[in-house]
Participant: 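Quick one: this structure, given as structure tokens, is what I'll be asking you about.
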Amino acid sequence: MPAYVPWLVLTAIVLTYVGIGAYWTYIELSTVDSDASPEWVASMLWVSSIFSVIGCLFAVLLGTRARVARPLLVTLVLQAAIVVMLIFGITNFTVAISMFFFNFFWIFIDVFQDATIADVDRSGSFPAMIPAAQGLGNFLGPNIAASVLAFGFGYDGVFIMCGMASIAAMLVYL
């Protein structure tokens with residue numbers, strides 16, 4: 001395995017978490033002037049966390065039947081789609097679907113990214129850097145999204161940026 005491959009996986013993790021960090025920083029704020037009820041959005045924030053557990057369980061089931069690459073690539077595209085869907089309008093239904101599936105895909109992606117780095121780095125030193133990559137992405141994402149907002153692109157721009165981060169991560173894996 002070439003020495004740069006684990007670094008590419010860590011880069012993909014950073015990109016994934018750029019989108020994750022921006023999404024969770026701005027999802028509730030993006031609903032303020034929308035058709036979604038503030039009470040509904042608040043309740044969906046905690047209810048959607050259940051989908052993290054479901055995503056993890058589904059990843060375990062799929063992981064025993066499939067290789068790592070295909071589910072990871074497909075899920076990164078699905079995560080991008082579920083975020084970009086919000087540019088077409090935020091309602092109680094769309095915000096719930098987005099939050100539920102974003103949580104589902106987030107954990108699902110984590111499981112397969114962790115497996116990927118374990119596959120490409122037999123020494124075990126790069127998996128120890130996963131939290132650093134996640135933290136860097138969580139730092140960069142909200143800051144990039146704040147810049148998107150400052151440049152006047154609105155929350156639609158933030159959601160497009162989140163989707164682009166997932167697609168960029170997918171491209172790194174390709």
Side-chain angles (χ1 to χ4, degrees), residues 11-59 61-62 70-114 130-131 133-174:
T11 300
I13 291 170
V14 169
L15 290 168
T16 302
Y17 270 81
V18 162
I20 290 168
Y23 179 88
W24 285 118
T25 299
Y26 289 104
I27 186 62
E28 186 175 19
L29 291 172
S30 71
T31 65
V32 170
D33 291 327
S34 73
D35 293 334
S37 154
E39 295 81 20
W40 175 261
V41 172
S43 65
M44 290 303 100
L45 284 169
W46 72 266
V47 171
S48 67
S49 64
I50 295 167
F51 280 74
S52 297
V53 176
I54 295 169
C56 189
L57 295 172
F58 190 78
L61 292 173
L62 186 60
R70 186 168 290 132
L72 177 57
L73 296 174
V74 169
T75 307
L76 285 164
V77 171
L78 291 172
Q79 184 180 46
I82 205 71
V83 173
V84 172
M85 166 194 81
L86 293 173
I87 70 171
F88 299 106
I90 297 175
T91 63
N92 286 345
F93 177 75
T94 59
V95 78
I97 293 298
S98 180
M99 285 183 193
F100 290 167
F101 282 103
F102 194 87
N103 259 343
F104 178 88
F105 295 144
W106 171 15
I107 298 305
F108 190 90
I109 289 167
D110 270 358
V111 169
F112 285 97
Q113 284 183 325
D114 294 352
I130 291 172
Q134 292 169 334
L136 179 59
N138 272 329
F139 166 77
L140 292 173
N143 285 290
I144 294 168
S147 297
V148 168
L149 291 171
F151 285 120
F153 294 109
Y155 292 110
D156 287 352
V158 170
F159 295 137
I160 290 168
M161 185 273 300
C162 291
M164 289 172 49
S166 289
I167 296 301
M170 183 212 55
L171 292 172
V172 169
Y173 283 117
L174 283 176

Participant: I need the Asp156 CG to Leu149 CG distance, nearest 0.5 Å.
Facilitator: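 The CG atom of Leu149 is 10.5 Å from CG of Asp156, to the nearest 0.5 Å.
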Participant: Where the side chain of Ser49 meets the backbone of Leu45, is there a donor-acceptor pair that is under 3.5 Å apart?
Facilitator: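 No: the side chain of Ser49 does not pair with the backbone of Leu45.
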Participant: Is the shortest side-chain heavy-atom distance between Phe105 and Val77 below 4.5 Å?
Facilitator: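 They are not in contact (no side-chain heavy atoms under 4.5 Å apart), so the answer is no.
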Participant: Is there a donor-acceptor contact under 3.5 Å from the side chain of Asn92 to the main chain of Ser37?
Facilitator: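 At least one qualifying donor-acceptor pair exists.
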Participant: What is the distance from atom CD1 of Ile144 to atom SG of Cys162, rounded to the nearest 0.5 Å?
Facilitator: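 That separation rounds to 9.5 Å.
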Participant: Taking the side chain as C-beta and beyond, is there a heavy-atom pair between Thr75 and Phe112 under 4.5 Å?
Facilitator: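 Side-chain contact under 4.5 Å: no.
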Participant: Any side-chain heavy atom of Leu72 sitting closer than 4.5 Å to one from Ile109?
Facilitator: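 Leu72 reaches Ile109 side chain to side chain.
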Participant: Could you check if a side-chain atom of Ser30 sits within less than 4.5 angstrom of a side-chain atom of Phe159, using non-hydrogen atoms only?
Facilitator: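 Side chain of Ser30 against side chain of Phe159, heavy atoms only: contact under 4.5 Å found.
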Participant: Please report the interatomic distance CG(Asn103) to OH(Tyr23), rounded to the nearest 0.5 Å.
Facilitator: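 It comes to 8.0 Å.
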Participant: Please confirm whether the backbone N or O of Met85 pairs with a side-chain atom of Ser98, one donor and one acceptor, at under 3.5 Å?
Facilitator: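 Side chain of Ser98 to backbone of Met85: no pair is present.
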Participant: Parallel, tilted or perpendicular: which fits the ring planes of Phe58 and Phe104, with parallel below 30° and perpendicular above 60°?
Facilitator: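 Ring orientation, 0 to 90° scale: tilted.
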Participant: Please name the pair of heavy atoms, one in Gly141 and one in Met161, separated by the smallest distance, quoted to 0.1 Å.
Facilitator: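 Smallest heavy-atom distance, with atoms named: O-CE, 3.8 Å.
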Participant: If you define the side chain from C-beta out and look only at heavy atoms, does anything of Phe102 sit under 4.5 Å from Val83?
Facilitator: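 In short, these two side chains touch, coming nearer than 4.5 Å.
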Participant: With Met99 as reference, evaluate Thr94, Val41, Val47 under the side-chain contact (heavy atoms from CB on, under 4.5 Å) test and give the passing residue.
Facilitator: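 Exactly one pass, corresponding to Val41.
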Participant: Please find the pair of heavy atoms, one from Ile160 and one from Val84, that lie closest to each other, and give the distance.
Facilitator: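 Scanning both residues, the minimum pair turns out to be CA-CG2, 4.4 Å.
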Participant: Do Tyr155 and Ile87 touch side chain to side chain, with heavy atoms closer than 4.5 Å?
Facilitator: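 Heavy-atom side-chain distance check fails, nothing below 4.5 Å.
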Participant: Should Ile130 and Gln113 count as side-chain neighbours, where that means a heavy-atom distance under 4.5 Å?
Facilitator: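 No, side chains not in contact.
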Participant: Compare every heavy atom of Ile107 with every heavy atom of Cys56, then report the nearest pair and how far apart it is.
Facilitator: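 Heavy atoms only, the tightest pair is CB-CG2, 3.5 Å.
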Participant: Specify the closest pair of heavy atoms between Ile90 and Leu86, including all atoms of both residues, with the distance to one decimal.
Facilitator: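 For Ile90 and Leu86, the tightest heavy-atom pair comes out as CG1-O, 3.8 Å.
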Participant: Is the number of heavy atoms from other residues, nucleotides or ligands under 6.0 Å of Tyr26 OH greater than 12?
Facilitator: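 Enclosed: over 12 neighbouring heavy atoms sit under 6.0 Å from OH of Tyr26.
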Participant: Would you say the side-chain atoms of Thr31 pair up with the backbone N or O of Ser34, donor to acceptor, closer than 3.5 Å?
Facilitator: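 No.
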Participant: Please name the pair of heavy atoms, one in Pro142 and one in Gly137, separated by the smallest distance, quoted to 0.1 Å.
Facilitator: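 So the minimum-distance heavy-atom pair works out to CD-O, 4.3 Å.
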Participant: Locate the shortest heavy-atom distance separating Asn138 from Gly21; write the atom from each residue and the value.
Facilitator: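 Nearest pair, atom of Asn138 first, then Gly21: OD1-CA, 3.3 Å.
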